[in-house]
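A, B, ... follow the sequence lines: proteins, then strands. Residue 1 opens every chain.
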4 protein chains.
Amino acid sequence: MPDSSSLPTYRVGVLGASGYSGRELCALVTGHPQLSLAFATAHTQRGTTLRVRASGAVHDIPLIGPEEADLAGVDLVFAALPHGASAEWVGKVIAAGARVVDLSSDLRPGHGGTTHALPDGVPADAPYGLPELFRAPLHGARVVANPGCYATSVLVALAPLAKAGLIAPGATVNIAAASGISGAGASPKLEYLFAEVTENYRAYGVGNAHRHLFEMRDTLSHLGADCDLLFTPHLLPVDRGILSTITVPLTRPLADPLEPFRTAFANEPFVELTTGLPALADVQHRNVVRIGAVSPTGMRQPTLLVFSAIDNLVKGAAGQAVQNANLMLGLPETAGLQR
Amino acid sequence: MPDSSSLPTYRVGVLGASGYSGRELCALVTGHPQLSLAFATAHTQRGTTLRVRASGAVHDIPLIGPEEADLAGVDLVFAALPHGASAEWVGKVIAAGARVVDLSSDLRPGHGGTTHALPDGVPADAPYGLPELFRAPLHGARVVANPGCYATSVLVALAPLAKAGLIAPGATVNIAAASGISGAGASPKLEYLFAEVTENYRAYGVGNAHRHLFEMRDTLSHLGADCDLLFTPHLLPVDRGILSTITVPLTRPLADPLEPFRTAFANEPFVELTTGLPALADVQHRNVVRIGAVSPTGMRQPTLLVFSAIDNLVKGAAGQAVQNANLMLGLPETAGLQR
Amino acid sequence: MPDSSSLPTYRVGVLGASGYSGRELCALVTGHPQLSLAFATAHTQRGTTLRVRASGAVHDIPLIGPEEADLAGVDLVFAALPHGASAEWVGKVIAAGARVVDLSSDLRPGHGGTTHALPDGVPADAPYGLPELFRAPLHGARVVANPGCYATSVLVALAPLAKAGLIAPGATVNIAAASGISGAGASPKLEYLFAEVTENYRAYGVGNAHRHLFEMRDTLSHLGADCDLLFTPHLLPVDRGILSTITVPLTRPLADPLEPFRTAFANEPFVELTTGLPALADVQHRNVVRIGAVSPTGMRQPTLLVFSAIDNLVKGAAGQAVQNANLMLGLPETAGLQR
Amino acid sequence: MPDSSSLPTYRVGVLGASGYSGRELCALVTGHPQLSLAFATAHTQRGTTLRVRASGAVHDIPLIGPEEADLAGVDLVFAALPHGASAEWVGKVIAAGARVVDLSSDLRPGHGGTTHALPDGVPADAPYGLPELFRAPLHGARVVANPGCYATSVLVALAPLAKAGLIAPGATVNIAAASGISGAGASPKLEYLFAEVTENYRAYGVGNAHRHLFEMRDTLSHLGADCDLLFTPHLLPVDRGILSTITVPLTRPLADPLEPFRTAFANEPFVELTTGLPALADVQHRNVVRIGAVSPTGMRQPTLLVFSAIDNLVKGAAGQAVQNANLMLGLPETAGLQR
């Protein structure tokens, strides 16, 4: 183990630190051996402090207003702002000369289904920060669009099948996904109060109405799959985690259901394959996608069931953002992510 | 409101009262205006009492050993015994001259996938107690096979589509279902301890391996549907409730996604249709199936998304068993079920 | 059972129906055989409907603005408004000629620790609606102050000891209470989001800072106890229920720890004594106080440990309000409360 | 940061690895820079593997039967066996020449209230492994009795007051504590099933009947306090964490309620003081005691309210055991505990 005190370190800032992704970013940066947190902003909670846990200790981080942030004084900014509001700040960061990882849907493929024009200087084709699928353009990149949480769990599971031509053309890939409630963010709404969520479970955003569907479709199409997606998210009485249960009509039966994943992810530090079934408890607080696969019996159509679990705040947001930042800054890809 | 003191009442017993379905049966019978609880049995907990809540009060019911039960002294027995062990007791009840509702899979269509011979005197073709689909043979019946919880939620949702010829022939109907943990029963196993379940979520019995699949397949085939089922159950950190998210490839698009259900269930007291999405909180502690339906956008194949929610212990087990008993004994079908 | 269709019924209204107590009131009134719901108001949610469950069915109740409520057209109003805002509306109801049960702290003994003047016409000495302790003045009353949830659980447990002179003079009665989160109301705040509450537990309002302390102190003093109270509430990751764990220094040892409660509550329909320990699951959704008591070993000071459990929304709020309304209107005290 | 590959490492074993404390020990040892896990035993689960998470990865640890463990081949053994069964194994470890940390109550002060004779060779006066109170005898010790979880949370909170002579002589110190359910262990019992625990809360072991009371009493007496303890534990619907709410009658009022703790714990790495109130979420998965204190108003008797939060499996069991092992083996006290 090298002496970390001699390693180069980079100054980073977090825009939108009071949300759940922003909090997680502050914790990860605080515990990262080569990043230091220069500022953390919050709009309504400015002037208060944010408590995060890192390296076995509790840290109280001061929150400043976003317009007080010294964008020119940092090497990289994580923008964890609401969809629609983020692109403007990405433009400011670019203008100030810093790199930026944008956690909103504004720069992603499909742009979250919106057609708003991007501000001047903000690229419409920022690399999509899913290193396991598209690593090359991330090395040294100045702007990266961090994927959505559902999209991460689904695309890592489907990409090996798409690339191998295993998805039956014209068929429907069915995705029934369930997410912990931190995915809904930290804005106080009646429907997310404890008393509304405990002992409850329901679908939402059904009928292909969820924002993440756009980046899934664009990315799968880019990978050569010609299929329809039917994406149905559900809300779990759980803090963190997403499990996507994916049904894939195949072009041919698979003798070993995990084989495409073994081939595709042989050396990936953040993909785990299991011959069992992934559970949320396996992935919470870790930067991994955990995948299981089963060939169901009694089907006329060759079909693969794929289960993909992530922590929506880590591999689904802040952890992946740090992974991208590592690649952008030339650091080891796993730095600060193996706590 | 008639004076209930002048109504005929029937004596009933519960075999297997210490399980979650058995407990719920004891509560429902205690609160039922025309049933009285003659005995409740439990194997290992005999000699203790069971606390149930009914009619605003707490009742402590003595548990006796099953061999102490006076089967000949009651009008009807609810058998809430483990799969495999139930058929033998059904035979004893029949021999003693009482009616019986069997909550196990032993007498159901498909027999839970097992091929065990039934004991002498136990009919292989007992009516399947899903009144909303097959009410006629239940009136006055002496033996009824009470459906599985998942099967109830799925079949009530699919039957109107199957009868109307709306399910695309040869297609796969995909069922992603999630159940509260009481569905796993009250036997103490490590995997159902609070610390293992809270903040967790996972699939189980995947690849078409779940017992309830057999009665779903048999029943749908009987209703004229020629489709494959892919059934994937999941375990929720919730006490009660099942939500089935069902994807149905259609023979033609539906202008009004709820129309088939309105037609089929116009006068059903225990089916609720919603133009929104059913949640577990809508159905807990109630004997209803609550159904919503949506036509997803962006699909080449006409497709219907159906959501079906029940309380697994009420409409999925004990409530439906009382509904069946009401029909068998000539009582109003809703008696004791509108608390 | 009398034919309920021939019973007299009274029209009632609910002010503040969108809060958790207000919702519960709407459900209880809807299921009550002799009350009918004339209106339900909500400030910000006016124009929407409120879903409640009563008598085995789901009801959607329209919410109107408070200024649209026909106060003169009803026999009784339940005011479930925020502390401080309620007294004004109580005055309007009185002026309109209807009876009123006020669920806020504005009219209670100690007035929640505030010294605001009450509006003209609002009595400063409204009867305190804890029927088990002070039933006589509630019969036919026109204005009643409904007790706080914590105060109900504590005072029902302490009153028999105070009246019997069993509380050691000058001593400290220690109350460690824990409440489900619905006690905090339905206003969306970050600290009550599911992700903040699940798997967490903490004290709040400590050091004798909680509003309910005032009515406890005033009432105990009125009952002849000369003791200090130390009241420490905690927040549970639970929807409903309060358990108060109360340590009482005694003037003399008690041979039978339940004896004072048996004497005091011999004929109370809504007090349950247990030789075991009351749990939240015993009382949820029921209008009862459930009490257990234990004499601890190894103590120089004779001491009684009392455990008191209620549902904070039922016996701690809406159920007790209906119990009070029954007494005010001359109905059976238990009407509508034994579901 | 020194290069950990050149640090001395010690081989350790875990007896009773399938319980929750044993699992946590295996995780901590796996992630410890100077300990290596030589064996992990389990009685009924022998032959299976145990999944633990450490250093950002998932590890599957083989479980062997206890009689297969090579006690002579390790430097130190953690005995995480049931109370009563542990002392015999401690004797075997001592005979084999290894050091041992015993997590049962068998060797603790008060011996858990039992009077069983200890096996030959097992010392009746093993040092009590609460380093913040009694560090000196732990350096280089060969046998250490690891404290109970409740005792840790209570004694760290009371010791500074006892040592400073602040606890009023002859008074009652009231402790209302609440624990997550992992404190009850991983043995499958009906009462710990998810469906029994969720949305519930209750006291247990009341009236001074809990095993941990003995070590609290003995230790406080040893520290010079002459008080009675009244200890009432409660069961939370939470996986991990203990919050003890402690009421202490004082000899004199305290101007600054935290002052005794600041003095006593100035340089303790594992004690945190807060001017707010400690919550379970502050301490979960961390080896700390977090303490807050408040002087309540309106009391004739000078009184201090102390709140003490720990993770019952870390500072309350496995983390403290590793802390003790570090002291026994001459390692840095914090090694492996600041993840």
Enumerate, including both backbone and side-chain atoms, all donor-acceptor pairs under 3.5 Å from chain B to chain A.
from      : atom 1 : to        : atom 2 : distance (Å)
Asn174(B) : ND2    : Thr247(A) : OG1    : 2.7
Glu199(B) : O      : Gln284(A) : NE2    : 2.7
Glu199(B) : OE1    : Asp239(A) : N      : 2.8
Asn200(B) : OD1    : Leu280(A) : N      : 3.2
Asn200(B) : OD1    : Ala281(A) : N      : 3.0
Tyr201(B) : O      : Leu280(A) : N      : 3.1
Gly207(B) : O      : Thr297(A) : N      : 3.2
Gly207(B) : O      : Thr297(A) : OG1    : 3.3
Asn208(B) : ND2    : Thr297(A) : O      : 2.9
Asp226(B) : OD1    : Arg300(A) : NH1    : 3.1
Asp226(B) : OD1    : Arg300(A) : NH2    : 3.1
Asp228(B) : OD1    : Arg300(A) : NE     : 3.2
Asp228(B) : OD1    : Arg300(A) : NH2    : 3.2
Asp228(B) : OD2    : Arg300(A) : N      : 2.6
Asp228(B) : OD2    : Arg300(A) : NE     : 3.4
His234(B) : NE2    : Thr245(A) : OG1    : 2.7
Asp239(B) : N      : Glu199(A) : OE1    : 2.8
Thr245(B) : OG1    : His234(A) : NE2    : 2.7
Thr247(B) : OG1    : Asn174(A) : ND2    : 2.7
Leu280(B) : N      : Asn200(A) : OD1    : 3.2
Leu280(B) : N      : Tyr201(A) : O      : 3.1
Ala281(B) : N      : Asn200(A) : OD1    : 3.0
Gln284(B) : NE2    : Glu199(A) : O      : 2.7
Thr297(B) : N      : Gly207(A) : O      : 3.2
Thr297(B) : O      : Asn208(A) : ND2    : 2.8
Thr297(B) : OG1    : Gly207(A) : O      : 3.4
Arg300(B) : N      : Asp228(A) : OD2    : 2.6
Arg300(B) : NE     : Asp228(A) : OD1    : 3.2
Arg300(B) : NE     : Asp228(A) : OD2    : 3.3
Arg300(B) : NH1    : Asp226(A) : OD1    : 3.1
Arg300(B) : NH2    : Asp226(A) : OD1    : 3.1
Arg300(B) : NH2    : Asp228(A) : OD1    : 3.1

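In this structure, no portion of Pro249(B) lies under 4.5 Å from any heavy atom of chain A. Neither the backbone nor the side chain of Leu235(B) has a heavy atom closer than 4.5 Å to any heavy atom of chain A. Both the backbone and the side chain of Ala281(B) come within less than 4.5 Å of a heavy atom of chain A.
Pro237(B) is listed as a side-chain neighbour of Val238(A), based on a closest heavy-atom distance under 4.5 Å.
What you find for Leu305(B) and Gly207(A) is that their closest heavy atoms are CD1-N, 3.8 Å. Residues Ala203(A) and Leu277(B) come closest through the heavy atom pair O-CD1, 3.4 Å.
With respect to chain B, the highest number of heavy-atom pairs below 4.5 Å among Gly180(A), Ala171(A), Gly298(A) belongs to Gly298(A). Between chain B and the residues Gly292(A), Gly241(A), Pro278(A), Pro296(A), the largest count of heavy-atom pairs under 4.5 Å involves Pro296(A).
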